[in-house]
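Predicted model, so just to flag it, every value in this text is computed and none were measured.
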Amino acid sequence: MKTVRSISLLIFFSYIKCQTLQRSLLDAAMHQTNSQNYLEKNLRAVTNIMVAQFLQKLTYEEVQITVQELLDLAEKCKNLKSHELPSESCHQLMATFLQHICNNERMADKRVFSDCCNINKTARHKCFLLHKKDDAGYSEIFQISNPEQICEMGKESQVYIYETSRKHPFLYGPTILTMSVCYETAVQSCCHEENKTIKYVREISLRHHHLYEIGIRFNHKVATAVELVLLTKKLPKICCEGNAVVCVLGRSQLMNYICSKQAILSSKFTPCCELPEPFRGECIVNSENDNKPDLSSLPHRRFLYEYSRRHPELALPVILRVDTVYQNLLGKCCKLENPLECCSHGEGMFQRVVRESHERVKNQCDLRKKLGDSNFHDRLIVLYTKKAPQLSAQELIVLTKNMAAAATKCCPLNQEHQFVCMEDSAKLILGALCRRHEAEPINAAVGHCCDDSYAFRKPCFDDLQVDGTYISSPLSCDQVINLKEDLCKAQEEELQTEKQKLLSNLVKQKLYAAEMQFQPITVDFAHLVETCCQAEKSETCFQEEVSLFPCLFS
């Protein structure tokens with residue numbers, strides 16, 4: 001995948017039409033000294049991030065020992081040779097770091113990395129990346145952690161960096177560095193907003209992990225297209241292959257360049273460019289998109305870039321769907337005698353792709369409004385158990401809980417923002433599902449949706465039907481429904497979980513049963529719990545009442 005330096009070159013090509021590449025490189029070079037100084041001041045913190053993200057099981061003390069050892073090896077990034085670019089030297093540091101792990105007998109998890117150490121340097125780097133375990137992976141994406149967790153962690157910012165890095169191994173290094181500065185300089189005021197801070201870190205970590213997955217799973221063209229659309233929309237949140245040193249250096253260079261070209265790039269960056277590092281970068285990343293320029297007269301020489309600029313209201317996957325249709329259209333039309341006439345039908349095809357994507361989101365939000373949050377979640381349980389019955393009931397509950405939470409968050413928004421929000425949430429949720437499939441295959445249909453087309457991944461999952469290859473193991477009633485007296489003391493969320501486990505297990509037994517056949521289950525469950533919890537002998541009541549359910553298996 002591209003480093004920040006290569007991404008910055010995309011900006012040069014895309015935005016600065018009147019300048020040559022040589023001039024762009026010269027401008028960028030003028031900012032390297034300041035960027036390098038910034039990196040030198042923060043080298044210990046950045047190295048801390050890199051070590052903790054790769055060696056997640058090391059204790060804080062062990063990480064600090066390794067960091068100190070690596071600082072001596074980092075001289076190449078401080079004293080550059082005249083012909084070397086900073087990113088080249090820092091990439092050498094990454095290779096040296098991985099070799100350091102392989103050579104160090106006392107390094108924790110050495111046996112885990114032994115397979116990586118026995119292969120060449122390029123493959124070794126990818127192998128180490130694949131060993132990362134993301135705490136924010138296939139879990140409850142919209143769950144917010146204990147808001148006091150970080151505030152109780154300790155006063156040293158290096159501890160914050162260590163904890164955040166090891167829990168979020170794909171989180172962009174500059175983001176961690178920015179958060180650590182906030183923690184160090186204004187810990188009390190930051191902790192007043194800790195709930196928002198943890199949610200921000202978690203969601204950004206998921207996005208970075210998602211971008212990493214795209215680079216690994218799909219070809220170079222897909223990764224480049226995603227990066228270009230993100231840049232066009234002013235969201236330079238790229239995956240950086242775990243090299244925190246290159247990330248920090250590259251972002252600093254990129255932000256210096258952006259701030260030196262505000263008049264050309266965007267009118268929205270001025271307040272951000274007045275901030276010191278590292279707050280400038282996070283501010284630019286999260287600033288509003290620039291005002292849409294008049295693009296009606298521009299030719300479609302670079303279709304993806306030009307279409308993305310013309311349609312900032314569209315979500316990234318939708319733009320990629322349109323681009324896929326465009327590429328397929330070109331492949332067809334260029335073989336004909338009159339390609340221009342053939343291509344003239346393109347605009348209608350693009351509009352149909354957008355319209356169909358809108359309709360899918362609208363239908364989902366309309367259904368949620370009709371059913372209510374709880375029943376909507378239950379319906380998702382039924383649908384996705386049919387699509388992926390190999391998942392455990394608990395996995396299906398988490399998957400659909402994330403989908404229901406996305407609908408709760410996105411559907412109340414106005415139509416344009418609702419559309420982008422739902423598509424954006426879906427790509428993260430389905431990305432996590434595909435990582436689960438990669439770790440342990442679910443079924444062929446899920447694998448097809450994960451691997452066939454990144455752009456059409458959501459429509460593919462939407463259209464999945466019952467997995468006809470699944471053969472359920474016959475279960476007795478007491479294996480499917482486990483009702484005990486403890487339910488009488490359970491909180492509402494626990495009751496919902498037990499109800500949904502029952503629902504999912506029943507669907508697995510009757511995959512081809514119509515959805516309406518499962519609707520009474522939730523009502524019966526709630527009634528049963530309420531009745532038995534009011535009975536004198538609750539346990540006996542549960543044992544007797546559970547006999548009502550076996551008829552569903554006949």
Nearest heavy-atom neighbours spanning Arg310 and Glu313: O-OE1, 4.2 Å
Mind checking side chain to side chain donor-acceptor pair (under 3.5 Å) for Gln465 and listing every partner two or more places apart, or none if nothing turns up? none
How would you list all residue pairs meeting ring-ring contact (aromatic ring centres under 6.0 Å, His included) that involve residues 437-469, not counting sequence neighbours? His210-Tyr454, Phe218-Tyr454
Hey, could you give me each pair passing salt bridge (Lys or Arg N to Asp or Glu O under 4.0 Å) that has a residue in residues 364-374? Not counting sequence neighbours. Lys362-Asp366, Arg368-Asp373
Take Tyr307 and Leu314 through the side chain to side chain contact (heavy atoms under 4.5 Å, CB included) test and state the conclusion after the steps. CA-CA 10 Å; Tyr307 191 86; Leu314 296 181; 3.8 Å; yes
For Ser504, give me all partners under side chain to side chain donor-acceptor pair (under 3.5 Å), at least two apart in sequence or on another chain. Thr385
Provide the full list of ring-ring contact (aromatic ring centres under 6.0 Å, His included) pairs with a residue in residues 398-432, sequence neighbours left out, each pair given once. His358-Phe419
Not counting sequence neighbours, list each pair that qualifies as a ring-ring contact (aromatic ring centres under 6.0 Å, His included) and has a residue in residues 363-412. none
Enclosure of Ile471 CD1 (heavy-atom neighbours >12, cutoff 6.0 Å): no
Of all heavy-atom pairs linking Glu423 and Ser357, the shortest is OE2-CB, 4.0 Å
Looking only at heavy atoms, which two atoms of Ala535 and Ser538 are closest? And how far apart? O-OG, 3.7 Å
Decide, based on the SG atoms alone, whether Cys410 and Cys365 are under 2.5 Å apart. no
Salt bridge (Lys or Arg N to Asp or Glu O under 4.0 Å) involving Lys386 - partner list, sequence neighbours excluded: none
Salt-bridge test for Asp424 and Arg207: reply yes if a basic N is under 4.0 Å from a carboxylate O, no otherwise. yes
Separation between SG (Cys434) and CG (Asp451), nearest 0.5 Å, reads 7.0 Å
Does a salt bridge link Asp452 with Arg457, judged by any charged N lying under 4.0 Å from a carboxylate O? no
Tightest non-hydrogen contact, residues Ala445 and Leu464, listed as CB-CD2, 3.6 Å
Classify the side-chain pair Asp467/Gln390 by whether it contains a donor and acceptor separated by less than 3.5 Å. yes
Does Tyr470 have any ring-ring contact (aromatic ring centres under 6.0 Å, His included) partners at least two apart in sequence or in another chain, and if so, which? none
Which residue pairs pass the ring-ring contact (aromatic ring centres under 6.0 Å, His included) test when at least one of the two sits in residues 388-415, sequence neighbours left out? none
Whether Phe54 and His125 hold their rings parallel, tilted or perpendicular, with breakpoints at 30° and 60°: tilted
Are any of the side-chain nitrogens in Lys489 or Glu494 under 4.0 Å away from the carboxylate oxygens of its partner? no
Not counting sequence neighbours, which residues clear side chain to side chain contact (heavy atoms under 4.5 Å, CB included) with Glu438? List them please. Arg217
Candidate list Gln496, Gln500, Glu493, test side-chain hydrogen bond (donor to acceptor under 3.5 Å, both in side chains), partner Lys401, passing option: Glu493
Evaluate the side chain to side chain contact (heavy atoms under 4.5 Å, CB included) criterion for residues Leu304 and Tyr326: first the C-alpha distance (whole Å), next the side-chain angles of each, then the deciding distance (0.1 Å), finally the verdict. CA-CA 9 Å; Leu304 179 60; Tyr326 173 72; over 6 Å; no
Looking at CD1 of Ile381 and NZ of Lys501, how far apart are the two atoms once the value is rounded to the nearest 0.5 Å? 11.0 Å
Kindly give the heavy-atom pair with the smallest separation between Leu413 and Lys409, and that separation in Å. CG-O, 3.9 Å
Can you tell me how far apart CG (Leu177) and OH (Tyr172) are? Round to the nearest 0.5 Å. 11.0 Å
Is the number of heavy atoms from other residues, nucleotides or ligands within 6.0 Å of CD (Glu416) greater than 12? yes
What's the shortest heavy-atom distance between Ala404 and Leu380, and which atoms? N-CD1, 3.8 Å
Polar side-chain atom of Gln534 near backbone of Thr531 as donor-acceptor pair, under 3.5 Å: no
I need the Met50 CE to Ser165 OG distance, nearest 0.5 Å. 11.0 Å
Side chains of Leu495 and Glu492: closer than 4.5 Å at any heavy-atom pair? yes
Can you tell me if Thr400 uses its side chain to pair, donor with acceptor, with the backbone of Leu396 under 3.5 Å? yes
Using modelled atom types only, decide if a donor and an acceptor are shared between the side chain of Gln517 and the backbone of Ala514 within a distance under 3.5 Å. yes
Under the criterion side chain to side chain contact (heavy atoms under 4.5 Å, CB included), which of Leu428, Asn402, Leu399 is the partner of Leu433? Leu399
Just so I know, are the side chains of Phe128 and Ile101 near enough to count as touching, which here means a heavy-atom distance under 4.5 Å? yes
Donor-acceptor contact present, side-chain Glu395 to main-chain Ser392, <3.5 Å: yes
CZ (Phe518) and CG (Leu502) are apart, to the nearest 0.5 Å, by 10.5 Å
Can you find a heavy atom in the side chain of Arg360 that is under 4.5 Å from one in the side chain of Lys458? yes
State whether the side chain of Lys387 and the backbone N or O of Asp462 hold a donor-acceptor pair below 3.5 Å, judged by distance alone. yes
Taking the side chain as every heavy atom from C-beta outward, state whether Glu163 and Lys167 have any atom pair closer than 4.5 Å. yes
Do any N or O atoms from the side chain of Gln53 and from the backbone of Arg166 form a donor-acceptor pair under 3.5 angstrom? no
Counterpart residues, salt bridge (Lys or Arg N to Asp or Glu O under 4.0 Å), relative to Arg124 (two or more places apart): none
Show, in sequence, the C-alpha distance, side-chain angles and deciding distance for Gln394 and Val398, and conclude whether the side chain to side chain contact (heavy atoms under 4.5 Å, CB included) test is met. CA-CA 6 Å; Gln394 185 58 44; Val398 171; 3.7 Å; yes
Can you list every disulfide bond (SG atoms under 2.5 Å apart) pair that touches residues 505-539, not counting sequence neighbours? Cys488-Cys533, Cys532-Cys541
Step by step, work out the side chain to side chain contact (heavy atoms under 4.5 Å, CB included) result for Asp378 and Lys499. CA-CA 9 Å; Asp378 291 345; Lys499 177 192 70 176; 3.0 Å; yes
How about Ser472 and Leu511: do any of their side-chain heavy atoms sit closer than 4.5 Å? no
Heavy-atom check, side chain of Val63 versus side chain of Leu55, under 4.5 Å: no
Quick one: does Lys132's side chain have a donor or acceptor within less than 3.5 Å of a partner on Pro169's backbone? yes
If you round to the nearest 0.5 Å, how far is CD1 of Ile49 from NE2 of His168? 12.5 Å
